[in-house]
Amino acid sequence: MPSLRFDDTNLQTSFTNKLREAHLPFGLGHDGSVQFDEKDRQSINSVAHTIRDGCFRWYFSWGMEPDTAEQFERILKTKGMQFQIEHHDDGKVYLLPKSDEQEHQRILAEME
């Protein structure tokens, strides 16, 4: 079953509230993740986009090996750079400001 959870408690609360306001069907997993049927993915994702858009102009980064992701996250925190973490059914996803994309690419290149 597809799932989505924002790491930030306030974002996750806003997300579930907006889903309820939109009368979209979903359940909550043991970790608080929103669980939904595949047929509802587009509608659920549209609501998630409103939450993301409230953070900053964004893009995603995902598919990193766990050690790489941990190091990337540590560097972002050390540099005081903005980011949010989402947990999707297929893994951890970084929600990153589009304005910092070149710096993110530089960081990742230096990590190789």
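Since we're looking at a predicted model, the values are computed, not measured.
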Practice task
Examine F36 and L11 and state if one hydrophobic cluster contains both, with Ile, Leu, Val, Met, Phe, Trp and Tyr joined whenever side-chain heavy atoms are less than 4.5 Å apart.
Solution key: yes

Handout entry: Nearest atoms (heavy-atom pairs only) where L4 meets H88
Key = CD1-NE2, 3.4 Å

Practice task
Considering non-hydrogen atoms only, spot the tightest contact between L95 and C55 and give its length.
Solution key: CD2-SG, 4.3 Å

Problem - Point-to-point distance, once rounded to the nearest 0.5 Å, from OG of S46 to CG of L19 - result: 10.5 Å

Exercise for the section: Identify the two heavy atoms, one from I51 and one from F6, that lie closest to each other, and give their separation to 0.1 Å. Expected result: CG2-CZ, 3.7 Å

Handout entry: NZ-CD1 distance between K39 and I44, expressed to the nearest 0.5 angstrom
Key = 9.5 Å

Exercise for the section: Test D89 against M1 for side chain to side chain contact (heavy atoms under 4.5 Å, CB included), laying out the working first. Expected result: CA-CA 8 Å; D89 47 289; M1 174 170 279; over 6 Å; no

Problem - Point-to-point distance, once rounded to the nearest 0.5 Å, from OG1 of T16 to CG of L24 - result: 12.0 Å

Problem - Reported CD1-to-NZ distance for the pair I107 and K79, which is rounded to 0.5 angstrom - result: 5.0 Å

Problem - ring pair (Phe, Tyr, Trp, His ring centres under 6.0 Å) evaluation trace for H104 with Y59 - result: CA-CA 11 Å; H104 299 143; Y59 76 102; 5.8 Å; yes

Problem - D67 CG: over 12 foreign heavy atoms closer than 6.0 Å - result: no

Completion exercise
Residues F83 and F56: closest non-hydrogen pair is CA-CZ, 4.2 Å

Problem - Separation of Q71 CD from T78 OG1 (nearest 0.5 Å) - result: 10.5 Å

Fill in the blank from the handout: R5 and D31 have their tightest heavy-atom pair at CD-O, 3.2 Å

Handout entry: Student check: side-chain heavy atoms of I75 and M81 closer than 4.5 Å
Key = no

Handout entry: CD/E38: more than 12 non-hydrogen atoms of other groups inside 6.0 Å
Key = yes

Practice task
Say whether, by atom type as modelled, one donor and one acceptor occur between the side chain of Y94 and the main chain of A69 under 3.5 angstrom.
Solution key: yes

Practice task
Taking atom CD of E110 as the centre, report whether more than 12 heavy atoms of other residues, nucleotides or ligands fall under 6.0 Å from it.
Solution key: yes

Handout entry: Shared hydrophobic cluster for W62 and W58 (ILVMFWY, side-chain gaps under 4.5 Å)
Key = yes

Practice task
Could you tell me whether R106 and E103 make a salt bridge, using a distance below 4.0 angstrom between a side-chain N and a carboxylate O?
Solution key: yes

Exercise for the section: Decide yes or no for E21 and K18: does some side-chain heavy atom of the first lie under 4.5 Å from some side-chain heavy atom of the second? Expected result: yes

Practice task
Indicate, with yes or no, if V93 and M64 share a hydrophobic cluster defined by side-chain heavy-atom contacts under 4.5 Å among Ile, Leu, Val, Met, Phe, Trp and Tyr.
Solution key: no

Handout entry: Side-chain heavy atoms of F60 within contact of R52, under 4.5 Å
Key = yes

Handout entry: Validation row: F72, L96 side chains within 4.5 angstrom (heavy atoms)
Key = yes

Practice task
Determine, for K98 against D100, whether the closest basic-nitrogen to carboxylate-oxygen distance falls under 4.0 angstrom.
Solution key: no

Completion exercise
Shortest non-hydrogen pair, T68 vs M111, comes out as O-CE, 3.3 Å

